[in-house]
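Written below as structure tokens is the structure these notes are about.
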Number of protein chains: 2
Amino acid sequence: MDLIRIYQCLCDRTRLRLLHLLSQGPLCVCHFQEILGEPQVKISKHLAYLRERELVQCERQGNRMIYALPARPPRELTANLSCLQDCIREEPIFQRDLARLRKLAPKIAGSDSEACC
Amino acid sequence: MDLIRIYQCLCDRTRLRLLHLLSQGPLCVCHFQEILGEPQVKISKHLAYLRERELVQCERQGNRMIYALPARPPRELTANLSCLQDCIREEPIFQRDLARLRKLAPKIAGSDSEACC
DNA sequence: TTGACATATGCCTACTAAGGTATATTCCGT
DNA sequence: ACGGAATATACCTTAGTAGGCATATGTCAA
């Protein structure tokens, strides 16, 4: 039952924030740190949790790790992420995360080169 | 953040089955036992878990407790339950639960009187 | 009031999870 | 080969969860 793995991932606020950001597109760890304002170890551990349960993928890019939603996510994940979007539309924390993400967007666009952290 | 309470409730298989049945209508504990085929204490504890987090309501009816979804469920709950329905449509256990529920339906209809367990 | 039935609760054990601190790993540039 | 940056992991503590067994509570019927 994959569903349960998914719900387990969804029942932590930090992980919800990570997944929410990821549904806008791939991101590297330092951007998560910057947007969430949480310590590196916390972010890294939650990403590991998501990775082990295959809710996210990652790929090394030089010094950094770029995290993304799976290329072909299972139906249940897609459904739940879109339900999540619906549910949090008005939650301040998620709005704030999104706002911060948009501020970083220009940097990220050119990030093949550097411009990280 | 109510959402997290909801996801916490959703990350156990027994509770998913309970909620799934409840979205068809109210049920008493002994029917859950019969349908799920799980021990009374297990069912009862999971119902208590759901009750404490306000995902279900209950009402005494003589000797029995009738459980139901909240009269006016929060948006997030409705959304997630309908997402759940979507996701499990083809899962055998849930189909089987549903089939068993339908077999009980006649009994339940006349259950104001007795015909329980 | 007693007994039987339906349901809930207490206590125990094993497991998982979250967060923190310290340390390891991996890659880059020099 | 070395130092620094980005990220991951080990280990610890605390707290929450699941399930089982035994027992308690509440309600009815006689």
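Remember, it's a predicted structure, so these values are computed and weren't measured experimentally. Protein chains get the first letters and strands the later ones, always in sequence-line order, with residue 1 at the start of each.
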- From CD1 of I43(A) across to P of dT9(D) the rounded distance in Å is 15 Å
- Can you find a side chain N or O atom of H46(A) that sits less than 4.0 Å from OP1 or OP2 on dA17(C)? no
- Would you please name every residue forming a side chain to side chain donor-acceptor pair (under 3.5 Å) with N63(B), sequence neighbours left out? none
- Message: With a 4.5 Å cut-off on side-chain heavy atoms, are L16(A) and I88(A) touching?
- Response: no
- Note on the structure: Picking from dT17(D), dG19(C), dT7(D), the nucleotide nearest the side-chain atoms of Q33(A) would be dT7(D)
- Nearest 0.5 Å, what's the CD-CD distance between E76(B) and E91(A)? 7.0 Å
- Within a strict 4.5 Å, meaning less than it, do heavy atoms of the F32(B) and R17(B) side chains meet? no
- Do R100(B) and D97(B) sit within salt-bridge range, that is, some charged N less than 4.0 Å from a carboxylate O? no
- Can you check the E38(A) CD to dG19(C) P distance for me, whole Å? 8 Å
- Query: Of the candidate nucleotides dA8(C), dT7(C), dA8(D), which contains the atom at the shortest distance from the side chain of R51(B)?
  - Reply: dA8(C)
- Task: Ignoring the backbone of R53(B), work out which of dG19(D), dT17(D), dT7(D) is nearest its side chain.
- Result: dT17(D)
- Message: Using whole Å, what does the distance between atom P of nucleotide dA6(D) and atom CD1 of I66(A) come to?
- Response: 13 Å
- Message: With side chain to side chain donor-acceptor pair (under 3.5 Å) as the criterion, how do T14(A) and E38(A) come out once you've worked through the C-alpha distance, each side chain's angles and the decisive distance to 0.1 Å?
- Response: CA-CA 9 Å; T14(A) 304; E38(A) 299 276 6; 4.7 Å; no
- Query: Can you tell which of dA18(D), dT7(C), dG19(D) lies closest to the side chain of K42(B)?
  - Reply: dG19(D)
- Message: Given dA18(D), dA8(D), dG20(D), identify the nucleotide with an atom nearest to the side chain of P39(B).
- Response: dG20(D)
- Message: How many whole angstroms separate atom CG of L16(B) from atom P of dA18(D)?
- Response: 11 Å
- Message: Less than 4.5 Å apart, side chain to side chain, heavy atoms only: is that true for C28(B) and Y67(B)?
- Response: no
- Query: Roughly, in whole Å, what's the span from CZ in R5(B) to C1' in dT17(D)?
  - Reply: 17 Å
- Out of dA8(C), dT17(D), dT7(D), which nucleotide sits closest to the side chain of C28(A)? dT7(D)
- Nucleotide nearest K45(B) (side chain, heavy atoms from C-beta), chosen from dA8(C), dT7(D), dG10(C): dG10(C)
- Query: When every nucleotide of nucleotides 22-30 of chain C is labelled 5' to 3' by its protein contacts under 4.0 Å (heavy atoms), B for base, S for sugar-phosphate only, - for none, what sequence of letters results?
  - Reply: B---SBS--
- Task: Please report, rounded to the nearest Å, how far the C1' atom of dT7(D) is from the CD atom of E59(A).
- Result: 15 Å
- Message: Rounding to an integer number of Å, can you tell me how far H31(B) NE2 sits from dA6(C) P?
- Response: 11 Å
- Quick one: is Y67(A) getting a side-chain N or O under 4.0 Å of the dA8(D) phosphate, OP1 or OP2? yes
- Note on the structure: When rounded to whole Å, the CD to C1' distance for the pair Q8(B) and dA18(D) reads 14 Å
